[in-house]
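The next block holds one structure in the form of structure tokens; read it before the comments.
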Amino acid sequence: MSRLNPRQQEAVNYVGGPLLVLAGAGSGKTSVITRKIAYLVQHCGIQARHIVAMTFTNKAAREMKERVGSLLKGAEARGLTVSTFHNLGMNIIRKEYARMGYKPGFSIFDDGDIKALLTDIMQKEYSGDDGADEIKNYIDSWKNDLILPDEALANARNPKEQTAAIVYLHYQRTLKAYNAVDFNDLILLPVKLFQEHADILEKWQNRIRYLLVDEYQDTNASQYLLVKLLVGMRNQFTVVGDDDQSIYAWRGARPENLMLLKEDYPSLKVVMLEQNYRSTSRILKCANILIANNPHVFEKQLWSEMGHGDEIRVIRTRNEDAECERVALEILTEHLRTQRPYSDFAILYRGNYQAKLMELKLQHHQIPYRLSGGTSFFARQEVKDLMSYFRLLVNPDDDNAFLRVINVPRREIGSTTLEKLGNYASERGISMYAAADEIGLGAHLDSRYAERLSRFKRWMDNVRQQCAQNDPIAAIRSMVMDIDYENWLRQNASSDKVADARMGNVWFLVDALKSTLDKDEDGDMTIEDAIGKLVLRDMLERQQEEEEGAEGVQMMTMHASKGLEFPSVYIIGFEEEILPHRSSIEADTIEEERRLAYVGITRAKRNLALTFAAKRKQYGEVIDCTPSRFLDELPPEDLVWEGQEDAPVEVKAARGNDALAAMRAMLKR
DNA sequence: ATCATCATTGTTTTT
DNA sequence: CAATGATGAT
């Protein structure tokens with residue numbers, strides 16, 4: 001960790017211009033970035049406040065911040081920005097909202113907000129609902145490519161795209177009226193801003209003298225442009241990425257941005273990191289051979305000095321039940337035999353649905369596990385609803401909370417009314433909540449609607465007053481009864497069971513609030529403080545989740561596993577139609593699936609097992625399964641087959657759908 | 001109009 | 001085999 005190898009050193013020390021670091025899996029790229037930041041500060045005289053490092057996940061940002069913090073003295077690190085793309089975008093909008101026509105305190109709509117909004121728009125503008133998801137995909141990809149509604153509409157090639165483009169137009173208008181942005185806007189708006197206002201761009205370019213970007217292969221078109229704009233003429237930046245670990249093309253990532261860099265910056269220097277500090281050479285050999293089946297611009301071979309290591313085990317089981325049982329039992333016995341902690345083991349899979357059975361089996365054997373990816377407590381609809389009520393209670397100016405709450409339950413206040421309210425509020429420079437019972441509003445709005453708004457505000461004000469005067473918890477309980485939230489849940493839930501569970505979460509949250517208040521020793525904690533604490537917990541939820549479950553077996557999708565490592569890795573469902581996923585086979589995007597397998601394999605430090613089942617229940621029907629074609633591409637001498645021994649070769653031959661790949665794999669041997 | 005039962009439908013991956 | 005949507009009875 002402390003000593004860098006020559007390649008890494010080169011990457012750290014090179015400040016002569018744009019630099020691309022092609023960092024293979026486990027090659028210490030985070031070390032390179034963090035050391036480089038320290039180097040820039042300590043040896044190049046660049047103040048930390050002029051350095052920005054960008055990542056894709058909050059987790060990565062946090063980790064990086066920590067590691068830089070241990071390399072620099074407190075004062076040296078002051079002002080350093082390590083943030084995600086979206087975070088940076090949010091900060092830019094925060095500072096420059098006025099130039100984009102937004103009000104302060106804009107809201108960020110999450111997935112749920114957006115889907116609700118889209119269905120709303122579709123119902124209003126047409127009366128059909130073409131599936132909000134599909135429309136959202138269109139809008140997302142347009143936004144990723146910096147295409148605005150007008151352009152989308154002009155270029156729409158078929159009726160579906162046309163519909164989507166029209167919805168897009170309304171969607172964008174509505175968001176604006178709500179003073180809200182979506183996730184993609186966090187990138188797109190700053191890019192547009194910079195393109196249109198040279199002075200602002202210059203300001204930010206002056207602020208950011210050196211830019212570093214992690215996981216560069218995951219950037220999409222608008223992120224690429226954002227980087228390019230921020231870098232400007234200065235040309236001082238380092239991007240780190242690995243084309244072999246590009247697994248997000250489906251959400252707009254453009255791994256070819258790595259190549260594009262060469263064209264945009266002819267003086268680009270490329271450094272390759274090929275020494276791996278994570279895995280045994282056996283595992284790396286397999287990974288190398290697998291990924292060699294993909295076309296490459298940059299040839300890269302991982303190697304390590306971590307010893308030869310054991311063979312990769314390929315485990316064949318009768319069905320998916322036996323598969324999960326086998327993995328659970330193995331982990332159990334291995335844990336008992338070697339005393340290794342459960343957290344040494346990871347179970348990786350292609351789709352979240354595969355986790356269910358696995359979970360069951362682990363539970364059955366009383367093996368603790370940690371599941372990442374599921375909807376966590378604070379992400380649940382009902383929790384968010386109630387949290388929004390809380391937020392509005394303590395901060396009436398939280399327009400986001402206001403909007404979330406205003407029609408939960410239905411108060412028959414449509415988007416037109418809200419739009420007008422929003423316009424009025426922004427004219428007056430006040431929040432929507434504050435504007436809701438202003439006399440002046442009547443001039444813009446039919447009295448019926450104005451009355452509905454002011455009734456809501458009066459009600460809410462009353463709740464707030466109750467909180468201040470009497471027992472706040474009792475006030476909140478009666479608020480929940482007042483809005484008849486339980487009934488609302490029943491209406492919207494698919495079943496009573498679900499509704500009950502959701503209502504349980506609501507009371508749980510109220511209890512959490514109560515216990516926060518009760519725990520207070522000085523007795524001077526206000527309800528505002530308590531709610532503030534909860535909101536904070538909401539925001540820190542991720543962190544907590546990770547700390548909490550650190551002792552169990554780690555279960556996650558292969559996508560979620562990128563960047564992590566585990567002594568022992570099991571990849572389950574190593575089958576055709578699952579690992580090369582069916583839709584990927586159809587869409588002919590096998591290469592990305594191969595990269596996904598590559599990512600999974602390279603998570604393992606010492607032990608790796610790939611499992612597949614001969615038969616599997618799917619849609620309630622038992623179907624025959626075929627081992628993944630990627631197994632054919634691995635070097636046979638490094639594999640040991642376990643479980644039923646009917647020649648997998650025969651199965652392979654029987655499968656005609658990828659004869660070419662099979663042939664190539666044969667020749668390789 | 002609302003609810004219950006029946007039929008159909010489908011399963012990547014997520015900042 | 002769910003979970004979601006359509007259809008029919010009350």
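No experiment lies behind these values; they were computed from the predicted model shown.
- The distance from atom NZ of K617(A) to atom P of dG10(B) is 21 Å, rounded to the nearest whole Å.
- For the pair W250(A) and dT13(B), the ring geometry qualifies as stacking, because the centroid separation is below 5.5 Å while the planes lie within an angle under 30°.
- Among residues two or more places apart in sequence or in another chain, the side-chain contact (heavy atoms from CB on, under 4.5 Å) test is passed with T57(A) by K59(A), A60(A).
- Paired with D242(A) under the rule side-chain hydrogen bond (donor to acceptor under 3.5 Å, both in side chains), one option of Q217(A), K300(A), R595(A), K562(A) passes, and it is K300(A).
- Under the rule for a side-chain contact (heavy atoms from CB on, under 4.5 Å), the partners of N220(A) that lie at least two apart in sequence or sit in another chain are N144(A), S222(A), Q223(A).
- The 12-atom threshold is exceeded at CZ of R207(A), counting heavy atoms of other residues, nucleotides or ligands nearer than 6.0 Å.
- At the heavy-atom level, T84(A) lies nowhere under 4.0 Å from the strands shown.
- Whole-Å rounding puts the D140(A) CG to dT14(B) P distance at 15 Å.
- For E621(A) and dT8(B), the CD to P distance is 15 Å, given to the nearest whole Å.
- Rounded to a whole angstrom, the distance from the P atom of dT4(C) to that of dT13(B) is 15 Å.
- Contacts of Q618(A) with the nucleic acid, taken as non-hydrogen atoms under 4.0 Å apart, include base atoms.
- We find that CD of Q223(A) is positioned 17 Å from P of dT14(B), with the value rounded to whole Å.
- Rounded to an integer number of Å, the gap from CG of D182(A) to C1' of dT14(B) is 14 Å.
- One interatomic measurement links the two molecules: CG of L596(A) to P of dT13(B), which rounds to 11 Å at whole-angstrom precision.
- Between the CG atom of D218(A) and the P atom of dT14(B) there is a distance of 13 Å, given to the nearest Å.
- As rounded to whole Å, 13 Å separates atom P of dT13(B) from atom CE of M555(A).
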